[in-house]
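Here the structure comes first, spelled out in structure tokens, and everything after it is commentary.
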Amino acid sequence: MPEGPEIRRAADLLVRAVVNKPLTDVWFAFPSLKPYQSALRGTKVTAIETRGKALLTHFSNGLTLYSHNQLYGVWRVVNAGEAPKETQRSLRVKLETPDAAILLYSASEIGIYDTAEIENHPFLQRIGPDVLDETLTVAQVRERLLSPKFRNRQLGGMLLDQAFLAGLGNYLRAEILWLAKLLPGHKSRELNDAELNALADACLSVARLSYATRGTMDENVHHGALFRFNVFGRTGKPCARCDDPIVKGSVSSRPFFWCPVCQV
DNA sequence: CTTTAAACCTGCTGGC
DNA sequence: TGCCAGCAGGTTTAAA
């Protein structure tokens with residue numbers, strides 16, 4: 001159940017587990033990828049990066065594995081020798097080194113491409129700047145909010161659109177709009193200067209805080225403080241700012257949570 | 001051009 | 001216990 005911060009956290013773990021080690025076993029569940037198994041065995045993973053919620057695994061022979069977890073995909077890391085049987089129904093990808101193996105379960109959006117051509121992938125072509133890109137500034141987000149492409153869009157739908165900022169998702173949009181004290185029906189061109197700044201700032205600060213606090217990853221696996229929701233999933237619970245109960249509704253066909261008192 | 005609705009992918013939960 | 005409906009933190013497509 002991943003948004004940008006969870007995907008990037010997963011990538012961090014995968015990098016530590018397998019980068020620059022020879023692959024002793026490569027296995028893909030989908031028939032169309034089977035031919036690549038032997039071609040990749042013996043190569044190394046040179047880098048793993050994320051673009052919004054897409055994850056790219058680059059190999060030393062010029063190929064790249066594209067994967068997108070959608071709602072249900074999950075990456076796991078296991079020690080060498082603990083790799084599961086390939087008969088596990090939901091196992092999709094296994095990349096094993098002498099030290100560790102990385103496993104992708106349940107995801108369906110998986111493909112192998114030439115690294116040189118990866119930017120042509122339809123999803124990567126479509127998405128906007130990665131919200132976790134540390135060079136992205138509040139001023140740039142503010143400018144994007146006012147650009148012809150987005151100034152006329154309702155905030156609720158726009159924040160889910162990966163063409164606006166890649167990596168945002170349904171919990172982040174709820175938390176961003178709560179922090180900016182805005183309702184999802186506004187369009188950016190209707191916002192005053194202070195609201196615009198608050199929204200642009202919230203887009204970056206909420207996403208970065210979630211990444212820094214390990215997003216919503218499994219508490220049993222990832223120790224330390226986790227990202228805390230102020231509104232998401234907190235129907236009926238008191239708003240941290242004004243104490244009034246959080247309500248749930250639907251915005252652009254997705255669950256949405258907000259404080260009806262301090263969000264205007 | 002913008003918004004909505006439905007479809008698809010898969011896994012989990014709750015009700016009967 | 002078993003099955004089915006509904007839902008989920010996503011994305012794409014077609015239709016309004």
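All figures in this text were calculated on a predicted structure; none of them were measured in a lab. For the numbers below, each heavy atom of this structure counts, side chains included, while hydrogens, waters and symmetry mates do not. In the text below, chain A, chain B and the rest are named by the order of the sequence lines, each starting its count at 1.
Rounded to whole Å, the separation between the C1' atoms of C:dG6 and B:dA6 comes to 16 Å. Between C:dT11 and B:dC1, the two P atoms lie 22 Å apart (nearest whole Å).
Nucleic acid contact for A:R92: sugar-phosphate only, since backbone atoms but no base atoms lie under 4.0 Å from a heavy atom of the residue. Nucleic acid contact class of A:G169 (heavy atoms, under 4.0 Å, all strands): sugar-phosphate only.
With the 3.5 Å cutoff on both pairing distances, Watson-Crick and G-U pairs in DNA chain B assemble into runs of at least 3 at B:2-8 with C:10-16, B:10-16 with C:2-8.
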*Test A:V45 against A:N20 for side-chain contact (heavy atoms from CB on, under 4.5 Å), laying out the working first.*
CA-CA 6 Å; A:V45 173; A:N20 285 330; over 6 Å; no

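Look at CG on A:N69: it is 10 Å from P on C:dT11, rounded to the nearest Å. Distance A:F123 CZ to B:dC9 C1': 15 Å, rounded to the nearest Å. What separates CZ of A:R173 from C1' of C:dG10 is a distance of 12 Å, to the nearest Å. The separation between A:I7 atom CD1 and C:dT11 atom C1' is 13 Å, rounded to whole Å. Summarising the geometry, the separation between CG on A:L165 and P on C:dT11 is reported as 13 Å, rounded to the nearest angstrom.
In this view, A:F59 satisfies the ring pair (Phe, Tyr, Trp, His ring centres under 6.0 Å) rule with no residue, not counting sequence neighbours. The side chain to side chain contact (heavy atoms under 4.5 Å, CB included) search around A:K149 returns A:S147, not counting sequence neighbours.
Near DNA chain B, meaning a heavy atom under 4.0 Å away, the residues from residues 105-112 of chain A are A:S106, A:S108.
Between C:dT11 and A:H68, a contact under 4.0 Å exists linking OP1 or OP2 to a side-chain N or O. Contact annotation: A:Q70 side-chain N/O to B:dC8 OP1/OP2 distance is not under 4.0 Å.
Formation of a donor-acceptor pair under 3.5 Å by the A:N61 side chain with backbone atoms of A:T43 is not found in this model.
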Got a list of protein N/O to nucleotides 2-8 of chain C N/O distances below 3.5 Å?
| residue | atom | partner | partner atom | Å |
| --- | --- | --- | --- | --- |
| C:dA8 | OP1 | A:K248 | NZ | 3.2 |

Can you name the atoms? Protein N/O to nucleotides 1-5 of chain B N/O, anything below 3.5 Å, with the distance.
| residue | atom | partner | partner atom | Å |
| --- | --- | --- | --- | --- |
| B:dT3 | OP1 | A:Q154 | N | 2.8 |
| B:dT3 | OP2 | A:R153 | NE | 3.0 |

Every protein N/O lying under 3.5 Å from an N/O of nucleotides 13-16 of chain C:
none

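Listed by first and then second residue, the salt bridge (Lys or Arg N to Asp or Glu O under 4.0 Å) pairs that reach into residues 193-202 of chain A are A:R142-A:D193, sequence neighbours excluded. Counting only residues at least two apart or in different chains, salt bridge (Lys or Arg N to Asp or Glu O under 4.0 Å) contacts with residues 59-87 of chain A comprise A:E86-A:K94.
Centroid-to-centroid, the aromatic rings of A:Y171 and A:F229 come within less than 6.0 Å.
Seen from the ring of A:W27, A:R41 does not count as a face-on cation partner, given the 6.0 Å and 45° thresholds.
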Which pairs of donor and acceptor atoms, one on a side chain in residues 254-264 of chain A, lie under 3.5 Å apart (sequence neighbours left out)?
| residue | atom | partner | partner atom | Å |
| --- | --- | --- | --- | --- |
| A:Q263 | OE1 | A:C259 | N | 2.9 |
| A:Q263 | NE2 | A:L177 | O | 3.2 |
| A:Q263 | NE2 | A:L182 | O | 2.8 |

Indicate every side-chain donor-acceptor pair of residues 160-168 of chain A with a distance under 3.5 Å to a residue at least two apart or in another chain.
| residue | atom | partner | partner atom | Å |
| --- | --- | --- | --- | --- |
| A:D161 | OD1 | A:A163 | N | 2.9 |
| A:D161 | OD2 | A:R153 | NH1 | 3.2 |
| A:D161 | OD2 | A:R153 | NH2 | 3.2 |
| A:Q162 | OE1 | A:G167 | N | 2.9 |
| A:Q162 | NE2 | A:L160 | O | 3.1 |
| A:Q162 | NE2 | A:L168 | O | 2.9 |

Exercise answer: donor-acceptor pairs, residues 230-240 of chain A side-chain atoms, under 3.5 Å, sequence neighbours excluded:
| residue | atom | partner | partner atom | Å |
| --- | --- | --- | --- | --- |
| A:R234 | NH1 | A:N230 | O | 3.4 |
| A:R234 | NH1 | A:P238 | O | 3.3 |

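Of the listed residues (A:L136, A:L172, A:I176), just one forms a side-chain contact (heavy atoms from CB on, under 4.5 Å) with A:C203, and that residue is A:I176.
Interatomic distance, CG of A:L23 versus CG of A:L95, reported as 6.0 Å (0.5 Å rounding). Distance CG/A:L183 to CD/A:Q154: 11.5 Å, rounded to 0.5 Å.
Inspection of the A:Y72 and A:S108 side chains reveals an N or O donor paired with an N or O acceptor under 3.5 Å.
With respect to the salt-bridge test (charged N to carboxylate O, under 4.0 angstrom), the residues A:R51 and A:E49 qualify.
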